[in-house]
**Q** 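One structure coming up, written as structure tokens, with questions to follow.
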Amino acid sequence: MIILTIPRLLWLYLYVAPDQPHAVKGTLDLRQGEAIKDPSIRLDGEWEFYPDTLLEPGNEKNSWLTQYIRVPGDWKTSTENGHTYGFGSYRLRILVEPDAGRIYGLHLPDAHASSKIYVNGQLLGGQGKPAEDRQHYIPSNAPYTAYFTVEHTKEIELVIQVANFDHPLKGGLVAAPTFGLAAPFGNHQRLAEDIALIACIIYLFHAVYSVVLFFVGNKDRRLLYFALAIVCAVLGTLIGENLLFKWLPLSFEWGIKVLCLAELLSGYVLLQCTKHLLPDAWRTKWSSRYAGLCALLALAILCLPASYNLAVKGFYEIVMLVPCLLAVFFMYRTAKQVDKDRIFLLFSIIAAVNSLVWLLITKKLALDILSYPVDLVISLTFFAAYWFKKYFRLLDQSQQLAGELREADQLKDQFLATVAREVQQPLNSMLHIARAVKEREKSKLDKASAGDLDFMQTIGQGMFAQLSDLVDLERLKENRLTLYQKEVSVQAAAAAVFDMLRYMAGGKAIKLTHRIPAGFPLVRADEERLTQILFNLLHTALKHSETGEAAVYAVSKDG
């Protein structure tokens, strides 16, 4: 927290505490010093304030009716009726050197809840439409930036009409307008927008790879909730920098709804990301109750008008902060006692919550500063570090398991080859005995017994071939398989295979056909391997077919 807070305070000091002049009794003097050359000058201090009056060019301003109000701030203490609803006008005289420049810029970040701006009697623009009653006034969330030209003048008169019939807590210029020469002022505004945009792009990059990891991984929903949390961070950044409503033409009503819904959603998705860290009682009972509360509040936000949503906005923020604080507490506990890798998630959540808290602080204090994305970038970096660390650990484990599987596979091959060799020898002896009995007793054997001996030999030869495959498998993996080539008759090899396989047909309606011509020339091959190949091919054909024909044929072409 100290590491995160020190640079944040330095950032605030650089962009909030420069020594700039302040308005005194409705006048801001920029003729002395280098203030006018600053990129952006905050028009804060004492402004003239005319409650229940919409000043326009030509209206006479009675100095004895003039009162002064501090900007930024709401007008509640300055209005006669003592509340924030109503309308009024702010007036400020800006004194400049005649030759300081001709084109100036003015930015009004927020005026609750509508404004109209006049510069030297000319209408410049504004936010929404201020009026003296609710029926004619139109509120707006959009910030306003404009540039204007003045010719050879020492004084710029700035009049801002403001009306508020929606915000129950604040009304008026709750954020100080900024002013400056066109070139540096424009550069400063673009810099603020560019920083916010770059930060949002970095955030969204993490959201994209989280969604990709969800689809290519084990469908861990926490990744989707994390992506939603990043979307909420993007919305918070754009809202905090007054960019969302500048680019998205939402009505005031829907702008407030989007803001409140984004706050609720950020708390909900953070709870879903860290729900597995909660104790069982919290996870089963309180998390579902919190989800139900969020659903009810979301329905209320959609149904209630803007004024009611703004009245209870503080409650929405409390509901949002509850899972933030719980996440930090339980993440610390699990990182300390269970999983040391979760220290990365703890740092990530602390940085995210710190950024959220400071966002609320800057909005409450109406601090007009450049976007500070460092906390969220640090948060995302730690989150990515956790997942990458977890990934590399799983990769190491998978490599270790792969090595163990390879070793087990080798042991299995060695075992099968050993068994095959041990069985081959007695099987070969049995075949020799059967052949010898048939030869010795052929005159005494009847036709059925001789056929049984032939059938036994055929089965034994098939078994011997399969055992040879097991032995050859080990040789193939060790690159020790040797071919002994000679002149071979393919007709004889095919005939021997057909004799071995006929009994395997098992009554299937499959016809085994030998189509190699009798005068087919000899081929150069390893006779044992040729027989082995034909046996495996035809055996597969028999095993996976119910009807039809399995045929072997050969042709001679070009010698």
Side-chain angles (χ1 to χ4, degrees), residues 194-241 243-244 247-248 250 257-278 283 287-288 290-291 294-295 298 301-302 320 323-324 326-328 330-331 334-335 339 341-356 359 371 373-398:
D194 291 344
I195 291 176
L197 285 177
I198 293 173
C200 291
I201 291 172
I202 295 174
Y203 304 156
L204 291 175
F205 171 78
H206 288 276
V208 169
Y209 83 66
S210 297
V211 174
V212 171
L213 285 177
F214 171 80
F215 285 107
V216 302
N218 59 353
K219 302 296 188 295
D220 190 342
R221 289 188 178 181
R222 286 175 296 175
L223 292 169
L224 289 183
Y225 286 125
F226 177 71
L228 283 176
I230 294 177
V231 172
C232 292
V234 171
L235 287 175
T237 300
L238 295 179
I239 292 172
E241 296 301 312
L243 295 177
L244 181 65
W247 298 333
L248 198 62
L250 291 175
K257 293 181 188 295
V258 168
L259 175 60
C260 296
L261 288 173
E263 291 179 347
L264 270 186
L265 181 62
S266 61
Y268 173 76
V269 296
L270 182 60
L271 178 64
Q272 297 303 314
C273 286
T274 57
K275 186 170 66 173
H276 63 287
L277 304 173
L278 301 178
R283 184 167 58 250
S287 64
S288 59
Y290 181 84
C294 288
I301 289 171
L302 293 174
M320 172 188 64
C324 298
L326 287 178
V328 174
F330 287 112
M331 186 66 72
T334 57
D339 186 356
D341 284 349
R342 288 182 177 174
I343 194 71
F344 291 100
L345 288 182
L346 175 62
F347 288 159
S348 176
I349 291 177
I350 288 176
V353 172
N354 187 68
S355 177
L356 180 62
L359 175 63
S371 176
V374 177
D375 288 351
L376 279 180
V377 171
I378 291 175
S379 173
L380 296 176
T381 302
F382 275 116
F383 183 83
Y386 169 76
W387 282 104
F388 281 119
K389 192 173 181 63
K390 188 175 181 180
Y391 166 78
F392 285 121
R393 176 171 286 105
L394 291 176
L395 181 62
D396 291 339
Q397 292 175 354
S398 65

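We count residues from 1, following the sequence as given. Computed from a predicted structure; not experimentally measured.
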**Q** Determine whether Leu224 and Leu228 satisfy the following criterion, side chain to side chain contact (heavy atoms under 4.5 Å, CB included), listing intermediate values before the conclusion.
**A** CA-CA 6 Å; Leu224 289 183; Leu228 283 176; 5.9 Å; no
**Q** Check for a donor-acceptor pair, side chain of Thr381 on one end and backbone N or O of Val377 on the other, with a separation under 3.5 Å.
**A** yes
**Q** For Glu263 versus Met320, what's the shortest heavy-atom pair and its separation?
**A** O-CG, 3.3 Å
**Q** Would you compute the distance between atom CZ of Phe347 and atom CG of Asn354 and round it to the nearest 0.5 angstrom?
**A** 13.5 Å
**Q** For Leu238 versus Cys200, what's the shortest heavy-atom pair and its separation?
**A** CD2-SG, 3.8 Å
**Q** For a quick test of reading the model, state the closest non-hydrogen atom pair linking Ala227 to Val211 and the distance between them.
**A** CB-CG2, 3.9 Å
**Q** Once the angle between the rings of Phe344 and Phe382 is folded into 0 to 90°, is it parallel (under 30°), tilted (30 to 60°) or perpendicular (over 60°)?
**A** tilted
**Q** Could you give the distance from CD1 (Ile230) to CD1 (Ile202), rounded to the nearest 0.5 Å?
**A** 11.5 Å
**Q** Evaluate the side chain to side chain contact (heavy atoms under 4.5 Å, CB included) criterion for residues Leu302 and Leu261: first the C-alpha distance (whole Å), next the side-chain angles of each, then the deciding distance (0.1 Å), finally the verdict.
**A** CA-CA 9 Å; Leu302 293 174; Leu261 288 173; 3.8 Å; yes
**Q** So, does Ser355 use its side chain to make a donor-acceptor pair with the main chain of Ala351 at under 3.5 Å?
**A** no
**Q** Any idea which heavy atoms bring Leu264 and Ala298 closest together, and the distance?
**A** CD1-N, 3.6 Å
**Q** What's the shortest heavy-atom distance between Tyr290 and Leu271, and which atoms?
**A** CD2-CD2, 3.3 Å
**Q** Rounded at 0.5 Å granularity, tell me how far CZ in Phe205 sits from OG in Ser210.
**A** 9.5 Å
**Q** What's the separation between atom CD1 in Ile378 and atom CD1 in Ile350, rounded to the nearest 0.5 Å?
**A** 11.5 Å
